[in-house]
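Start at 1 and go down the list; that is how both ligands and their atoms are numbered. These figures come from a predicted structure and were not determined experimentally.
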Amino acid sequence: MSNSVAPLSERASWKALQLHAESVKARHLRQLFAEDPQRGERLVIDSAGIYFDYSKNRVTDETLSLLFRLAEESDLRGRIDAMFGGERINITENRAVLHTALRAPKGSHVYFDGEDVVPAVHEVLDKMYAFAERIRGGDWKGHTGATIKNIVNIGIGGSDLGPVMAYEALKDSSLRELTFRFVSNIDGTDFAEATKDLSPEETLFVISSKTFTTLETMTNARTARAWSLAALKDDAAVAKHFVAVSTNAAEVSKFGIDTANMFEFWDWVGGRYSMDSAIGISTLLAIGTENFKALLSGFHEMDEHFRTTPFEQNIPVLLGLLTLWNTNFLDAHSIAVLPYDQYLKRFPAYLQQLTMESNGKHVTVTGKHVNYETGPIYWGEPGTNGQHSFYQLIHQGTRLVPCDFIAFIDSLNPLGSHHDYLTANVFAQSEALAFGKTADEVKAEGTVDWLVPHRVFEGNRPSNTFLIQGLTPSVLGKLVAMYEHAVFVQGIIWEIDSFDQWGVELGKVLSQRIIPELQSPEEPVLKHDSSTNALIRRYRSLKK
Ligand code: F6P
């Protein structure tokens, strides 16, 4: 954070937004639309292949200009340049944040500590492409000479959620002869179920871990090795059935994987920002080189849009600012992400790590406790399923839940009228949320008086709609990059470090203390609180 920037709650634009919010709270989206018949065409951005309709937010032109002023006062422009320029903006880990370099085209330049990182990025990509062609073409044989038919990615957090989400999202482009499984949980059930029907001779494990020390991943990786070797009965089989994706070559060789079979990435790539690094190798194996290149080019297009477009027309900037507006000034605590495409069923789960591990922080970069809300809770399900489950609360509950609707003009599986019905539903939901139904309208339908309050929809519930031509690899790259950068925008304004994750540490440390207490043959001396002590004793005494 540059020294010239005042603390957030002292910035003039922040104070102005607080005042302004009072007048906006008194207004309804019905009024805002009635006053400006062009609002639905005016408050949109149509750029980088994404039509972003933000007109159904509770904002006026004044709100928007105050938000842009806030971005300027927060030196957002300078911080964007600092990120793209390889400065160590992840200050608590003293690291640069250069996931944008992962999708920089060959021949472009991104410098970190005076060194151009783009050649190394493309060296790894080329190695990945060559490997993928051998697997997909059936040239890479297992230890017994069998063709590899199954790929099992073992990883967790950023080393799992991106790969699973992308695999599901791009299934339409995937090679159906290969079976993909993803194992993340330390619960043995995850591994057992993922491998139950697979033949070790035909199975390749991709051990994905930035650090190669994560308990869950290393435990699953050891179990995978034992599962493989129990059938293949030769340590030499590891070379044919295990590859690694990591930043930690020393740990990879210690595990027994030849570093020739390791795909590298770098500490300037955060785990939750790594799906387009070598961590995406399962995605590449599924969709092939050309589609993977298209995915990267989609990411890059959004990067360039974010880096160069004036804030008023900048999709991630506006998305970030609107989320901040809803969170800090309209008291929303969560955001529902509602993709109207079944292929995006894991997208909300992916966004949960991206958004909440990034912006779930309560101290500023200078270590002060914030005096405003930071990262909202992200959640969601694909439409229309969510409509028959939790939308009730979004429409008529007491909480304000801003929604991000994601919809596509073309279906990848056009069956009869399905797609028109799906699309009609997404448009209907945002319309109902914004405009609702008044008591007069309910009465005019002949509803008996006592039932009227139950059937009223207050409306005035904000939403964004992203309408995109079709779900292609390039579009997926754009969508992910859009949210990555929106998270960045919020983090800069909130003055937090969006790229560390200290909040996951304590539980990890405590579990290391508890593991021997669960396993020791002698009764351990327990020094936890009385609840934890009792739980440990009960588990020990009842476990079979
Ligand atoms: O525990 C959180 C975390 O560090 C995430 O940030 C990360 O994505 C995940 O664990 C997995 O880490 P790794 O890739 O090093 O195994």
* **Qualifying ring pair (Phe, Tyr, Trp, His ring centres under 6.0 Å) pairs with a residue from residues 199-223, counting only residues at least two apart or across chains** => F205-W227, F205-F242
* Does a side-chain heavy-atom distance below 4.5 Å link N150 with F180? ->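 N150 vs F180: side chains apart.
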* Asked: So which protein residues pack against ligand 1 under 4.0 Å, heavy atoms counted?
  ->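 Near ligand 1, by chain and number: I156, G157, G158, S159, S209, K210, T211, T214, G271, Q353, E357, Q501, V504, K508.
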* **Partner residues of H241 under the ring pair (Phe, Tyr, Trp, His ring centres under 6.0 Å) criterion, sequence neighbours left out** =>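 For H241 there are no ring pair (Phe, Tyr, Trp, His ring centres under 6.0 Å) partners, ignoring immediate neighbours.
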* Is a side-chain donor or acceptor of N464 paired with a backbone partner of F405 at a separation under 3.5 angstrom? -> no
* To do: Mind telling me whether F488 and F306 have parallel, tilted or perpendicular rings, with 30° and 60° as the class edges?
  => perpendicular
Would you list the atom pairs, donor with acceptor, under 3.5 Å between side chains in residues 186-193 and any protein atom, with sequence neighbours excluded?
| from | atom 1 | to | atom 2 | distance (Å) |
| --- | --- | --- | --- | --- |
| D187 | OD1 | T189 | N | 2.9 |
| D187 | OD1 | T189 | OG1 | 3.1 |
| D190 | OD2 | S184 | N | 2.8 |
| D190 | OD2 | N185 | N | 2.8 |
| E193 | OE2 | K196 | NZ | 3.3 |

